[in-house]
Amino acid sequence: MTTVGWSPQALSLWAKTGPESEDWLDLPRHLTDSAAIGGWLWRCWLAPGVAGWLEDELDLRGEGDVLGAWLAGVHDVGKASEVFEGQLMGDHTRLPFAERIRDVGLPLSGPAGPADSHPHSAVSHAALKRWLVVEGLTRSSRAAASLAEIAGAHHGLPATPAEVRRAESAARRQPSWAAVQDELIAGITDRLGAHDVLGRVLAVEPRAHHQMLLTGLVVMADWIASNPDLFPLLPAALLDEEARLADAVATLDLAGPARPRVLEADPAAAYRHAFAWPEGRRPWPVQAEILRAAEQMEGPGLLCVEAPMGVGKTEAALAAAQVMMRRTGRSGVIVAAPTMATSDALFRRVQVWAERNLEGDGPVSLVLAHSKAALNAEAAAMPRVGMGSQDIGRDDPHDRHQSVVAHQWLSGRKRGMLASIAVGTVDQVLFMALQSRHVMLRHLGLASKVVVIDEAHAYDSYMNQYLSRALHWLGAYGVPVVLLSATLPHAIQQELVAAYMDGRHGGRRITAPETGAAYPVITTADRAGIRAEQTPESGRRSEVEFTAVADDEDSLRGLLTPCVSDGGCLLVVCSTVARAQHAYALARDLVGDDAVLLHSRFLARDRVEKEAVLVTELGPDARRGQGRPERRIVVATQVVEQSLDLDFDGMVTDVAPMDLILQRTGRVHRHARPVEDRPGWGRAPRVWVRGAVDPGDDATPPAFESGVEAVYAPALLTATWGLLSLERDGRTVSLPREIPTLVAGAYAERPALPEAWGESFVVQRKEWEARQETARNRAKGFLLPTAKGVKYFRDLWAGPTGDPGTERGEAAGLAQVRDTDPTLEVLLVRAAEGGYVPWGSPGDAEVTFTGKALSPWRARQIAESSVRLPGRFSRMPLFERALDELEQGTDVAWQQCSLLRGQLQLIADEEGRTTVAGVDLRYDLDLGLLDGPQTTRMNEGTR
DNA sequence: AACAAAAAAAAA
Ligand SMILES: [Fe+3]
Ligand SMILES: [Fe+3]
């Protein structure tokens, strides 16, 4: 860097102020700080694969760090404008700021108008666009705009054309301000010697995907440079530029790209070392195969693994990711799962893997990325590093190279994806495809990783729109992807793979091969095309008998009877909470406390506890009489579909789409057990299917109970019913062999059903397709366009009408990656004299007085008592009224507490009774949250 | 589309 002096005009401008009236940072210094950290990020932090991709695409010839420094260095030149600098004129404690500027002859006419309509980011955009052309670096205004837009977007969204026009006209009216902007840009360019790279980049004309990552880097640099703990303010500040950077980098303490250990060529040795397996343990065929596939992949690509649960897909994915990280220069991994609970379960496993297999020039950062991560004890227990925290390496600096930590700077808002390793909900990946503010940070973070999507079959057509688009962008960045699923209907797999390949290789339509009955199967998509390979079967096979039972009380009682007399563990899955509560009442009549009810309308803490009890009782280590109960009936809704390692002797389930039925069936005889563990009725795996008011026959299609039909599309239920021959005597299914054919069959346009069902099936099927189509269209509202589908960067955030709808959508809560109505989640507490206590605390628990600060421990207890209100609260008049009432009733002290801020408080009496917007509610530890007439009725007969 | 489950929401 050559040093050029700044003019008195430039030096008179402020960029930052602080709490004390004399605190400030001049604009040139904020720009040189940003440039310094921008260059440092490129050299020392950016994943080699991302840097390499940008180098190639933008003809950087080894000067990427210069480009990064330049872009960061010019981001705030727009602060050299009357609107921005005039902002402090109304503040009488800061009058010297304006005087300093007037003294050097710059016009400053009075407290500025609304700075909102003249954001300095747009002024930066206009100034850069002008300067790049005037300087002769390009003649194309689009090329100039492509770099100008990056500075214009440094607050998370590109400047709008109207804002840029206002900035351009201001520059024409006030040439003396424009002259300072030019001086700043020229000064930064000269110091960095950036002329040549800029010329080359402009010749290429960066497109939206290049701009996205470069903007991400600029935003990151700006956030770091704007932190006074890292880059201190005047008058106290260090002045030497290099010393400022060195100090900032030392305090920030952000490690460079993590590197994976090279895995052994022999798969058995590779898994043994990677996961600390005991000597002699062999990987499943799928695990061995995926390593080979990852090793042989040509360039970055996508691997899709379809295999039954229990064959170690997570380990397989991590091992494959380890290979792909090395081969494509990625610096980390994200493992994305459908729910917070499944992410929590994955967290520790990923942490242990990272500890054993990754290293870097400093500790490897890991985040748990979902909205309730703060409640996770394992995440909270991680050593903290960065921003002055030094939980690790105090005694032995060598420890730092192989430890996995929570990084303080990365735990801030919107920064989690920048950590090296992330475990979280899929939403974190889907948000990548949502028009939203600061998505570029998410893109930068995800582009640096190998992306693993767990349970890829678990997403509906709305979410799949976002997943497809996210895969498109990942493909464009050359990010390796691993999709894990039980089975993926071919049409969905085709859509996902095609989206990735379209991003990767552009327009070419490539069709994934039909894999038919092959299972388990690994599909590879890379430069060489798409191919699928069947892998040898893993694990146990089983023959499961499926039988229909009538949907009345007597039939259900009949099914429970053998269990009542001979004992054993039976699972009863119901499609609605009401049906589950009903079945539970019946079971409780027969077996008392041996019956357990599980659904989502329990307090989070109670549900975790109930599930933990079930996992110990019905998990792999419990034997009958030794932990495994003699008799247990678990009545549950779809919550049991979550990856709990439970084993039942048999199952009764409401009819559901084939994939879900088969997934639930995975809980039947899940573990290999000695025959003494099974009751007489459960020696062979059996599934009884209910939920049809008329089972149908060859001449008439089945008819389903209205609740069951409201939850699942009748077309899928009919197809599933028929393929399992439930209109007759049912059939025996061979698992896992038949999974792919049965699932494909149930989702087929013309499944093999009795002739006479055809007509009504076609109607049902049309309706299902129409609903999916409307869901897909709903998703399009805030879907980020494809990189190559737009001319300008700003077009990525354009609404369907071309206007920037992003902010409005975010404000209205419309921009979301899940297709849901608004729901109300409350934190339940028990009323006490003068205040309240956490739900479930003993009678003499210390009272939290309303309006008084809460201890962190108390806040956590309360935060764990969350429950969602029943569905009726999602409908409009009631939703609004309830929200109002709950907001009014919430302790104001919660706003001061990070765990409780923004949450809604619901206060109940000793018996769990309360009323919200005129609706009676009662919370019961056995039954969950009851509403309306249930609050009184459900008592009888169950207690 | 509405009887399940599921997630998330402040910046430089
Ligand atoms: Fe700014
Ligand atoms: Fe800034």
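When reading the values below, keep in mind they use all heavy atoms of this one structure, side chains included, and skip hydrogens, waters and symmetry mates. Quick note on labels: first sequence line is chain A, next is B, and so on, each numbered from 1.
- Between A:Tyr466 and A:Tyr462, the angle of the ring planes lies from 30° to 60°, which puts this pair in the tilted group.
- No more than 12 heavy atoms of other residues, nucleotides or ligands lie within 6.0 Å of CZ in A:Arg881, so this atom counts as exposed by the packing criterion.
- You'll find that the side chain of A:Thr339 is closest to B:dA7, out of B:dA4, B:dA8, B:dA7.
- Taking the six-membered ring where the residue is Trp, A:Trp223 and A:His438 present perpendicular rings, their angle passing 60° and hence far from 30°.
- When each of A:Ala775 and A:Ser600 is assigned the nucleotide of DNA chain B with its nearest heavy atom, A:Ala775 is the one assigned upstream, toward the 5' end.
- Residue contacts for A:Arg901: at a heavy-atom cut-off of 4.0 Å it reaches no nucleic acid atom on any strand shown.
- The interatomic distance linking A:Phe84 (CZ) with B:dA12 (P) rounds to 12 Å, in whole Å.
- Atoms CD (A:Gln903) and P (B:dA7) sit 14 Å apart, rounded to a whole Å.
- For A:Thr637, the side-chain atoms get nearest to B:dA5 when compared with the rest of B:dA10, B:dA5, B:dA1.
- Among B:dA5, B:dA8, B:dC3, the nucleotide with an atom closest to any side-chain atom of A:Thr576 is B:dC3.
- For A:Arg437, whose side chain is taken as the heavy atoms from C-beta onward, the closest listed nucleotide among B:dA12, B:dA7, B:dA5 is B:dA12.
- The shortest distance between the side-chain N/O atoms of A:Gln772 and the OP1/OP2 oxygens of B:dA1 is not below 4.0 Å.
- The residue among A:Ala341 and A:Trp409 whose nearest nucleotide of DNA chain B is located toward the 5' end is A:Ala341.
- Counting to the nearest Å, the P atom of B:dC3 and the CG atom of A:Asp654 are 16 Å from each other.
- Per the geometry, CD belonging to A:Glu887 stands 13 Å off C1' belonging to B:dA9, to the nearest Å.
- Look at A:Gln642 and you'll find a side-chain N or O under 4.0 angstrom from OP1 or OP2 of B:dA6.
- Put simply, A:Lys414 has no side-chain N or O that comes within less than 4.0 Å of OP1 or OP2 on B:dA10.
- Side-chain polar atoms of A:His30 and A:Asp222 form a donor-acceptor pair below 3.5 angstrom.
- Atom-to-atom, NE2 of A:His154 to P of B:dA12 comes out at 8 Å; the value is rounded to the nearest Å.
- Taking atom C1' in both B:dA1 and B:dA5, one finds a spacing of 15 Å when rounded to whole Å.
- If you check every strand for non-hydrogen atoms under 4.0 Å, A:Met340 touches sugar and phosphate atoms only.
- Here B:dA6 presents its P atom at 10 Å from NZ of A:Lys372, a figure rounded to the nearest Å.
- As judged by a 4.0 angstrom heavy-atom cut-off over every strand, A:Arg579 is placed among residues making no nucleic acid contact.
- Residue A:Thr774 has its side chain nearest to B:dA1 when only B:dC3, B:dA1, B:dA11 are considered.
- For the pair A:His457 NE2 and B:dA6 C1', the computed distance is 13 Å after rounding to whole Å.
- Counting only heavy atoms from C-beta on, A:Arg818 has its side chain closest to B:dA6 among B:dA12, B:dA5, B:dA6.
- The side chain of A:Gln428 approaches B:dA8 more closely than any other nucleotide in the set B:dA8, B:dC3, B:dA4.
- The list of salt bridge (Lys or Arg N to Asp or Glu O under 4.0 Å) pairs with a residue in residues 451-467 of chain A, not counting sequence neighbours, is empty.
- With A:Glu769 as the fixed residue, the side-chain hydrogen bond (donor to acceptor under 3.5 Å, both in side chains) test singles out one of A:Arg765, A:Arg771, A:Gln772: A:Arg765.
- If you run side-chain contact (heavy atoms from CB on, under 4.5 Å) between A:Val335 and each of A:Leu484, A:Leu346, A:Thr342, only A:Leu346 comes through.
- Taking side-chain N and O atoms only, A:Arg868 has no distance below 4.0 Å to OP1 or OP2 of B:dA8.
- When distances run from any side-chain atom of A:Thr425 to the nucleotides B:dA4, B:dA8, B:dA12, the shortest one goes to B:dA8.
- Contact annotation: A:Arg776 side-chain N/O to B:dA1 OP1/OP2 distance is not under 4.0 Å.
- Among the protein residues, A:Val577 comes within range of the sugar-phosphate backbone only, with heavy atoms under 4.0 Å from sugar or phosphate atoms but none that close to a base.
- Distance, A:Arg771 CZ to B:dA1 P: 7 Å, rounded to whole Å.
- Contact between the side-chain N/O atoms of A:Ser371 and the OP1/OP2 oxygens of B:dA8 is found at a separation under 4.0 Å.
- For A:Thr820 and B:dA5, a side-chain-to-base donor-acceptor distance below 3.5 Å is absent, hydrogens and geometry of angles not being considered.
- Closest contact between the side chain of A:His155 and the listed nucleotides B:dA12, B:dA4, B:dA6 involves B:dA12.
- In the set B:dA1, B:dA5, B:dA11, B:dA11 carries the atom at the smallest distance from any side-chain atom of A:Arg415.
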